[in-house]
Amino acid sequence: MAKKKPEVKLRSWGVYTPLDPNSKELPQLIKMTRDIPCELDIEFGYIVNIKKAKNRKLQYCIYHPNIPDEDGNPLPPFDGEVYIKQNDWDFFIGDTIWKPVENKQGPWRITLAIDGQLIADETLNLILPEG
């Protein structure tokens, strides 16, 4: 029997309260925007709601804007996978800015896929404040 096609809805995107890795609670939206201030410790990303996909694999990937590693080479994309926990599931995917903030500006592309099929593809632009 063919698997049901998942239903995916982008619920919010932008700046959020800090993610607590020890909590089941998602971060709270502070400001809905695709232009993110490039400031230390700011939490940004998006929340999707996924239905009809319980126990399937969700792959995520965050493409950084050529942030150099300790040797000056661009960091590879940050990726991984999780299992979808329920049939009506909200998932936050995002990142936080770390020092030095100056090299974090630019487009950050964040994608989600289920079993290799792209379901979300958003780009957030990190902008250094003027002054």
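Every value quoted in this text rests on a predicted model; they were computed, and no experiment measured them.
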In Å, rounded to the nearest 0.5 Å, how long is the span from CD1 of Ile47 to CG of Leu26?
5.0 Å
Here the gap from Glu43 atom CD to Ile97 atom CD1, rounded to the nearest 0.5 Å, amounts to 9.5 Å
Would you give the length of the straight line joining atom NZ of Lys99 to atom CG of Asp41, rounded to the nearest 0.5 angstrom?
8.5 Å
Using 30° and 60° as the class boundaries, would you call the ring planes of Phe91 and Tyr60 parallel, tilted or perpendicular?
tilted
Should we say atom CD of Glu39 is surrounded by more than 12 heavy atoms from elsewhere, each under 6.0 Å from it?
yes
Heavy-atom side-chain proximity of Val48 to Asp90 below 4.5 angstrom:
no
Looking only at heavy atoms, which two atoms of Asp69 and Leu75 are closest? And how far apart?
CB-CD2, 3.8 Å
So Ile110 and Phe78, do their side chains get closer than 4.5 Å, heavy atoms only?
no
Steps toward side-chain hydrogen bond (donor to acceptor under 3.5 Å, both in side chains) verdict (Thr17, Gln28):
CA-CA 5 Å; Thr17 58; Gln28 298 299 304; 5.9 Å; no
Looking at NZ of Lys85 and CG of Asn55, how far apart are the two atoms once the value is rounded to the nearest 0.5 Å?
11.5 Å
Salt bridge (charged side-chain N to carboxylate O under 4.0 Å, His left out) partner of Glu122, the single match among Arg109, Arg11, Arg34:
Arg34
Please examine the side chains of Glu25 and Phe92, heavy atoms only from C-beta on, and report whether any two atoms are closer than 4.5 Å.
no
For the residue pair Pro21 and Leu19, what are the closest heavy atoms and their distance?
CD-O, 3.3 Å
Any side-chain heavy-atom pair from Tyr83 and Leu58 closer than 4.5 angstrom?
no
Ignoring hydrogens and geometry, is there a side-chain-to-backbone donor-acceptor pair from Gln105 to Cys38 under 3.5 Å?
no
So do Val15 and Ile42 actually touch side chain to side chain, heavy atoms under 4.5 Å?
yes
Given Trp13 and Phe44, is the ring-ring contact (aromatic ring centres under 6.0 Å, His included) satisfied, shown in steps?
CA-CA 8 Å; Trp13 57 88; Phe44 64 96; over 10 Å; no
Does Arg56 pair with Asp115 as a salt bridge, N-O distance under 4.0 Å?
yes
